[in-house]
Asker: 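Sharing a structure with you now.
Excluded from the calculations below are hydrogen atoms, water molecules and symmetry mates; all remaining heavy atoms, backbone and side chain alike, are included. In what follows, every chain begins at residue 1, and chains take the letters A, B, ... in the order their sequences are listed.
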2 protein chains.
Amino acid sequence: MSDRSQRPTLWDVARAAGVSAKTVSRVLNGEAGVAADTTARVQAAIAELGFERNEAARQLRTGRMARGRSLCLLVPELGDAGRAELAGSLASAVEAHGYRLLMTGSGSAGEREAELVQNLSEAGVAGFFVVSAAADHRYLIPHLRQGLAAAFLLHPAAQMQADSVLVDEVDAARQATQHLLRFSHRRIAFLGPRHDHLAGYQDALSGSGIPLDPDLVRTAVQEAPEAEAAAREWLAAPVPPTAIVVAGAWLALAAMRPLLGSGMGLVVLEDVPAADLLKMPLTTVSASLSDFGEKAAEVLVNRLEGRAGPPQRVVVRAHLVARGSGEVRPGLNRPGPEPRRSWYRRR
Amino acid sequence: MSDRSQRPTLWDVARAAGVSAKTVSRVLNGEAGVAADTTARVQAAIAELGFERNEAARQLRTGRMARGRSLCLLVPELGDAGRAELAGSLASAVEAHGYRLLMTGSGSAGEREAELVQNLSEAGVAGFFVVSAAADHRYLIPHLRQGLAAAFLLHPAAQMQADSVLVDEVDAARQATQHLLRFSHRRIAFLGPRHDHLAGYQDALSGSGIPLDPDLVRTAVQEAPEAEAAAREWLAAPVPPTAIVVAGAWLALAAMRPLLGSGMGLVVLEDVPAADLLKMPLTTVSASLSDFGEKAAEVLVNRLEGRAGPPQRVVVRAHLVARGSGEVRPGLNRPGPEPRRSWYRRR
DNA sequence: GTGAAAGCGCTAACAT
DNA sequence: ATGTTAGCGCTTTCAC
């Protein structure tokens, strides 16, 4: 009896079941070629002794990494509240598949991202949900060959092919802009970090025969102060816009401060918590995060459990929730001079 | 040459350096009793071959777990945006100490909490920041004996002694209540999940000679709908309160909905993002999360790096930020009948 | 269908 | 100050 060490070994099980170590090993790994009653006896012994296989020994012998049932959501900033809801929905979804969800932040640094994947993969993490706007994700390739799974969320993989679950950002921007156009806004500005939204914005504008005014577009805006400054500038412009489409809840809140009381329309391309309780209730265009989480979990788990095939690309549509910011004729809420009649078209 | 396997082994290093395997092992582990020049030769060989120790083999031999440089923040719900800022501040703080931060959620289930600690500890996580209102944390004790470190945040450890970093909740409740008293509120309600706030609330009331009215106290409120219901009931009461102290941002937002336009004062015991942009701008009492994160990181890293000693208990004070909800005489904003004069005392 | 022996890469105990 | 031997718990031959 190996009572010298605490945990029972495979040999203890073999002795208890009256078989050889190899047979226990076979049962443990579900290999074929063991009689049914032998299997039963071995399993009884395992349960009896509370045996658990020593992963280190297994790994030493087989060479390959034992991946566990942890998945990790890798985001740019752990402190970003906007990602919390995604994390929650992902957590429930992966738990339904028998996995658990970890989360970590790269500090928006590409090399740290690669390092984290390396470390956590070595620690047995089975797969990653990657939310990253990095310019190059090829660091993942060697890990993927070693059995790691990865799915890109919200931003597509750069410089490589991989599973991804995305929101139709172009369509979201189009919906937001069309919504404002429907309420007779004609000078509509755009503010956000990503360039891809612009296609939808521009598409909606040209659908109403409105040319794009470069002064009304600020792309590559990442930080709140920039958003606030942009809003302030637009407000002070000779011919200010009457509404702004902002990509990102955080930027929208920052932009809102100078706009309070201005009557400016504001539509946000992301969900905003308690959007109805804000001084300027925000109309939002966003995908259902519980759907999104479920789809993402499904994609990663499928990949992990061997249903191979070419990389998948799932695109989820966003939906507009009107909350009364922008659903007014331009200028109506506005203190100051009479709104110019020329801004109105329909209705 | 073991070119049959990909990675160089300790034997390859030994051969390259012209020493025995044991000597290489000694260098690797920083054991005493190796000549300086031998050490140098070995290290050169290690660098030359790009040798990295096989952790599985080491672990198999030594029996003990190799803990890495990952710390994990364990929260009840990964989807709780209120914890995101804490996570961000902790992440920066632990990175400054050379660790990385993971985060995971227990789904508010005590047994899952224990299971997560077990799994992640086995995967090499060095320490946990535990945010948990569970009734019993003794499941941690065996892990702590195996070298795991743990620090309790926001809620103290239950049924055991451990390092903890807490906010002075009693004082926070007292500050909130006193603030409202200072603005002549006399009927002040309390709403929240925790019982400990009550001491501060009651303390402040009795300091102004006001008896506690049990109808104005709802403790053990966990979910938003309950908070909303409580607010609604108070509003409809024969003699409604003129202000409410709410413990928790999420509960406060829920409670706010029925109170819009009522003139009810609202003070929140937690930070609320964009509190100034809400229809009822919220006065808050909360601790600085960057301070809190730094203190917490320090406590856990100290424990981890051997500076032993009895469990520490750090208490951080919360600060009130007045934002104009409650800083009015009761009833003044209130539509409807003239406020009763009897509610006023000073000023 | 089952078992015996060898060895994965490392370190503890005991030499020298 | 350095080397030798044995063996951690498992899986892989290969034999029966």
Asker: What's the closest nucleotide to the side chain of A/R61 if the choices are D/dT4, D/dT12, C/dG3?
Answerer: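 Given the options D/dT4, D/dT12, C/dG3, the side chain of A/R61 is closest to D/dT12.
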Asker: So if I take every side-chain heavy atom of B/A57 and compare against C/dT11, D/dC10, C/dG9, which nucleotide ends up nearest?
Answerer: C/dG9
Asker: Which atom pair, heavy atoms only, marks the closest approach of A/L101 to A/A87?
Answerer: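 Minimum heavy-atom contact is CD2-O, 3.5 Å.
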Asker: Take atom CZ of A/R41 and atom P of C/dG1, then tell me their distance rounded to the nearest Å.
Answerer: 15 Å
Asker: Check every strand shown and say whether B/R53 touches a base, only sugar-phosphate, or nothing at a heavy-atom separation below 4.0 Å.
Answerer: sugar-phosphate
Asker: Given D/dT2, D/dT11, C/dT2, identify the nucleotide with an atom nearest to the side chain of A/A21.
Answerer: D/dT11
Asker: What is the distance, to the nearest angstrom, from the CZ atom on A/R58 to the C1' atom on C/dG9?
Answerer: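 After rounding, the reported distance stands at 18 Å.
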Asker: Provide the closest heavy-atom pair for A/A56 versus A/N54 in the form atom of the first, atom of the second, distance.
Answerer: N-OD1, 2.8 Å
Asker: More than 12 heavy atoms of other residues, nucleotides or ligands under 6.0 Å from CD of B/Q161: yes or no?
Answerer: no
Asker: Among the candidates C/dA12, D/dT11, C/dG1, find the nucleotide nearest to the side-chain atoms of B/T62.
Answerer: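 Nearest to the side-chain atoms of B/T62, counting from C-beta on, is C/dA12.
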Asker: Between the side chain of B/R41 and the main-chain N/O of B/A17, is any donor-acceptor distance below 3.5 Å?
Answerer: yes
Asker: Among the nucleotides C/dG1, C/dG3, D/dG3, which one has an atom lying closest to any side-chain atom of A/A35?
Answerer: C/dG1
Asker: Would you mind telling me which of D/dC10, C/dT11, C/dC8 lies closest to the side-chain atoms of A/L60?
Answerer: C/dC8
Asker: Starting at atom CG of A/L28, determine the distance to atom C1' of D/dC10, rounded to an integer number of angstrom.
Answerer: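 It is 10 Å, rounded to the nearest whole Å.
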Asker: Which atom pair, heavy atoms only, marks the closest approach of A/H97 to A/A297?
Answerer: CD2-CB, 4.2 Å
Asker: Whether the side chain of B/D163 engages the backbone of B/P311 through a donor-acceptor N/O pair (distance < 3.5 Å, no angle test) should be reported.
Answerer: no
Asker: CD of A/E52 versus C1' of D/dC10: gap in Å, rounded?
Answerer: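 Atom-to-atom, A/E52 to D/dC10, this comes out as 15 Å.
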Asker: Does a side-chain N or O from A/S25 land closer than 4.0 Å to OP1 or OP2 of D/dT11, or not?
Answerer: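 Indeed, a polar side-chain atom of A/S25 lies that close.
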Asker: Nearest whole Å is fine: how far is D/dG9 P from A/L49 CG?
Answerer: 14 Å
Asker: Side chain of A/N29 only, please: which of C/dC10, C/dT11, D/dT11 is the nearest?
Answerer: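 Of the candidates, D/dT11 comes closest.
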Asker: When you measure only distances, ignoring hydrogens and angles, does the side chain of A/R7 come within 3.5 Å of the base of D/dG9 through a donor and an acceptor?
Answerer: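 Check fails, no donor-acceptor contact within cut-off.
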Asker: Rounding to an integer number of Å, can you tell me how far A/E31 CD sits from D/dT12 C1'?
Answerer: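 Going from CD in A/E31 over to C1' in D/dT12 covers 10 Å.
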Asker: Return the 5'-most residue of the pair B/A36, A/F51 with respect to DNA chain D, ranking by each residue's nearest nucleotide.
Answerer: B/A36
Asker: Within less than 4.0 Å of OP1 or OP2 of C/dG3, is there a side-chain N or O belonging to A/T23?
Answerer: yes
Asker: Can you check the B/Q59 CD to D/dC8 P distance for me, whole Å?
Answerer: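 So the CD-P distance, B/Q59 to D/dC8, works out to 16 Å.
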Asker: Has A/S20 got a side-chain N or O lying under 4.0 Å from the OP1 or OP2 atom of C/dG3?
Answerer: yes
Asker: Atom CG of B/N54 to atom P of D/dG9: distance rounded to whole Å?
Answerer: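 Roughly 16 Å, once rounded to whole Å.
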